[in-house]
Amino acid sequence: MGLTFYWYPKCGTCRNAKKWLDNHEVSYKEVHIVENPPSRSELELLYKSSGLELKKFFNTSGMKYRELGLKDKMKTASEDELLDILASDGMLIKRPLLTDGEKVTLGFKENEYESLFSAK
């Protein structure tokens, strides 16, 4: 499986990540995270293979996150409930999300991209 790049074109961080990938000639499949968000089962698989906490998958600075009062729900909701919430709206997912099916990165940190994906 090649790289899949979930992004939101209006997001500056996503545009910076895309520019990095393009400048480093990394091939990837581009997916608009709001129009075609990962399914609940895809999110669960990404979460489990990432080794990251589930809360890291949430776009905590997004308006939707605040509107839904998710900061408080994060403390009491079960993993299943959080996955359901996350899968309900692409705007809730931290972006960009880049995966090769095994490794997963959330957000854009140039050094992380360099170490994980520049050799692809």
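When reading the values below, keep in mind they use all heavy atoms of this one structure, side chains included, and skip hydrogens, waters and symmetry mates.
- Closest approach of I93 to P38, counting heavy atoms only: CD1-CD, 3.7 Å.
- One finds the CD atom of E44 at 6.5 Å from the CG atom of D80 (value rounded to the nearest 0.5 Å).
- Side chains of Y28 and D22: a donor-acceptor N/O pair is present below 3.5 angstrom, by distance only.
- Residue K18 places its NZ atom among more than 12 non-hydrogen atoms of other residues, nucleotides or ligands, all under 6.0 Å distant.
- Of all heavy-atom pairs between T99 and G101, the closest is OG1-N, 2.9 Å.
- In summary, of the residues considered (F5, W7, Y8), a ring-ring contact (aromatic ring centres under 6.0 Å, His included) with H32 occurs for Y8 alone.
- Scanning all heavy atoms of the two residues, the minimum distance from V26 to L3 falls at CG1-CD1, 3.3 Å.
- Going from atom CH2 of W20 over to atom CG of L98 covers 9.0 Å, rounded to the nearest 0.5 Å.
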Quick one, M91 with M63, criterion side chain to side chain contact (heavy atoms under 4.5 Å, CB included). Give me CA distance, side-chain angles, the key distance, then yes/no.
CA-CA 9 Å; M91 291 299 278; M63 204 165 39; over 6 Å; no

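- We find the OG-NZ distance between S49 and K103 to be 11.5 Å, quoted to the nearest 0.5 Å.
- Scanning all heavy atoms of the two residues, the minimum distance from Y47 to L52 falls at CE1-O, 3.3 Å.
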Pair Y65-L70, side chain to side chain contact (heavy atoms under 4.5 Å, CB included): steps then yes or no
CA-CA 6 Å; Y65 182 87; L70 293 179; 3.5 Å; yes

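- Nearest heavy atom pair, residue E42 against residue P37, reads OE1-O, 4.4 Å.
- Judged by distance alone, the side chain of R95 and the main-chain N or O of G107 form no donor-acceptor pair under 3.5 Å.
- Residues S50 and V104 come closest through the heavy atom pair CB-CB, 3.8 Å.
- With salt bridges taken as basic N to acidic carboxylate O contacts below 4.0 Å, one links E79 and K48.
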Going through the distances and angles, do I85 and F58 end up as a side chain to side chain contact (heavy atoms under 4.5 Å, CB included)?
CA-CA 10 Å; I85 292 167; F58 282 85; 4.1 Å; yes

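- Atom CG of N59 is separated from atom CZ of R66 by 9.0 Å, given to the nearest 0.5 angstrom.
- To the nearest 0.5 Å, atom CZ of residue R40 and atom CG of residue L83 are 4.5 Å apart.
- Summarising the geometry, atom CG belonging to L82 is positioned 5.5 Å from atom CE belonging to M74; distances are rounded to the nearest 0.5 Å.
- With hydrophobic clusters built from ILVMFWY side chains whose heavy atoms lie under 4.5 angstrom apart, L45 does not share a cluster with L54.
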Stepwise, does the side chain to side chain contact (heavy atoms under 4.5 Å, CB included) test hold for S88 with L86?
CA-CA 5 Å; S88 71; L86 193 59; over 6 Å; no

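- Checked against L97 for a side-chain contact (heavy atoms from CB on, under 4.5 Å), the options T105, V31, L106 give a single hit: L106.
- Counting heavy atoms of neighbouring residues, nucleotides and ligands inside a 6.0 Å radius, atom CD of E67 exceeds 12 of them.
- When side chains are defined from C-beta on, K71 does not count as touching T60, because their heavy atoms never get closer than 4.5 Å.
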